[in-house]
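Report on the structure given below.
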Amino acid sequence: MTTTKTYSQVWDLDVFFKGGSDSEELRTHLDAVKQQIGELESLASATQTPTSVDEAGKILHVIDEIKNTAKNLREAGAVIGCFLAANTKDKKALILQAEVGTLGARFQTAVLKIKQVVAKTEESIWKELLATEQLSQFDFILQEWREEVQLKLSEEEESLITALSVDGYQGWGQLYDQLVGDITIEMTVDGEEKKLSVGQANNLSSHADVSVRKEAFEKLEEAWETKEDFFASTLNHLAGFRLAVYEKRGWDSVLKEPLMKNRMSQETLDAMWGAISANKGPFAQYLKRKAELLGNENMNWYDLDAPVTSSTKEMSYQEGAEFILEHFGKFGPELESFSRKAFEDSWIEAEDRANKRPGGFCTGMPVSEQSRIFMTYSGSMSNVATLAHELGHAFHSYALRPVHYMNRQYAMGVAETASTFAEMIVADASVKAAETQEEKLALLEDKIQRSVAFFMNIHARFLFETRFYEERKNGVVPAARLNELMAEAQKEAYAGALDTVHPHFWASKLHFYITGTPFYNFPYTFGYLFSLSIYAKAIAEGESFEQKYMALLRDTAVMSVEDLAMKHLGEDITKEEFWAKGVALCVKDVEEFLKIASEER
Ligand SMILES: [Zn+2]
């Protein structure tokens, strides 16, 4: 082992812009970005539809201008996001964030204008352009621009829709946030009378005391029920807008947009759910066994997240970092050396202190070609897994460094590939390193919970949403019917393993109200299983696999997911067999869990 330094738990942001949200360097940078966007707007107005192949150079110039502006804007946005995450009370950062938001909207509008003009090129000239030396490397994204423009309405009509969607579509998503923010749950926790936000009440789902879990669940259901008509109207209006736009564009499937965004075919999606549906038995068995461990015959919704053991293994930050590096190293030298550098150069904000945002993320600074990782490390094994997960995201950006910035914009489904992969390495290593059976059981449970989330919970969301949108085509779907649809979807997706379900889940889950990304569900499951199959290959092939893995990551934004899997894994993901192999890996965890659980009690 190399000599180890003590790693800082506080990140270094001064390398980007000195002085935090007061930074003069950042001010100067933002002023320059503003000027650049002004220039891009002029360029957008001056850009004309190419009429000959000689214009390839002009298009390349436009692409490079978009790239430069995008990188500078992103650099500022990422650093400002870091300021706010590390100190939610940073008022100056909040103002800067709003400024970047406005600049971002102007940038998007200019880019859209360019796309529409360029994509109108006559077919034969278009083909010649894509074959030129200057543009052939952008052939995938340019083709995507063109298809998008062809599938949509005219420029005037689409811009009218965009303008109307601010109040007619996004507005409903914002109203949802307001409605939820207005709910408080009053209950006694650990002897104390408390007024909880929805988020805080949701966190009680993993409380060790069943009476607390049950009360929080029932009070939440009651709160959703009291306002169910408001939530139902919100959801119906949001869906109604989306369907009306699709109808005008002549799109008959509600999955068209989300599939396009994820560069995925319907066949692939069907094959994935098909393989999952056919292999739910072991997971239902696990839920039944867990219910028994908790003293019940069948599983209740409010017991899904309950802890099964009191085992709590802990690792200091330094130990966690060394554990990660040791196991990354077994997979491949680049992942290890990259991550070691991230620890040494203070890329990670992990300190457990007040005023930090909850959760974890990884963000990229494309001008500096660096990343930053945010989380709060308190010593649990799940913190170690999160740290590995975020390092995986950073490694994805690292792998993409040689690629043109325009060819790095990967979709949601593949976005979680590198992160899940890195998390798997560490989660598996933790199970192997467990010192007691109790500890092993808890760590296995942690892994299985992920499978249950992706194969059952997310599946229920997908089933509900697909069916709701079908019914919505014929008119408004009232709250009572939404409850029915959700209850049915949950019973089906959990393969009959649930005794009590959560009918108002459609009101409680913000993902159904996200306007930017429709069907914010199946890409999660895709990413998980896709990454599992890469992981299985890595185990089989050893260290030599790393270069192939990095080549796959470099291609994540320039081809369909089907082509990506075929080129780098030699797998046909439109077939159920591919997906079944990933599910089988998860079943192994369940088998081991059931074995230990039966030996133990
Ligand atoms: Zn992630």
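Here the structure is a predicted model, which means the values were calculated and not measured. Both ligands and their constituent atoms are indexed starting at 1 by order of listing.
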Review point. Does any N, O or S atom in Glu416 come within less than 2.8 Å of the Zn ion (ligand 1)?
Key: yes
Review point. Got an N, O or S from His389 under 2.8 Å of the Zn ion (ligand 1)?
Key: yes
Review point. Quick check, are the ring centers of Tyr410 and His396 under 6.0 angstrom apart?
Key: yes
Check your understanding: Hey, are Glu562 and Ser265 close enough side-chain-wise for a donor-acceptor pair under 3.5 Å?
Key -> yes
Check your understanding: Taking atom types as modelled, is there a side-chain donor on Tyr286 or Ser451 under 3.5 Å from an acceptor on the other?
Key -> no
Check your understanding: Looking only at atom types and distance, does a side-chain atom of Asn279 sit under 3.5 Å from a main-chain N or O of Ala275, one as donor and one as acceptor?
Key -> yes
Practice item. Name whichever N, O or S atom of His393 ends up nearest to the Zn ion (ligand 1). Key: NE2
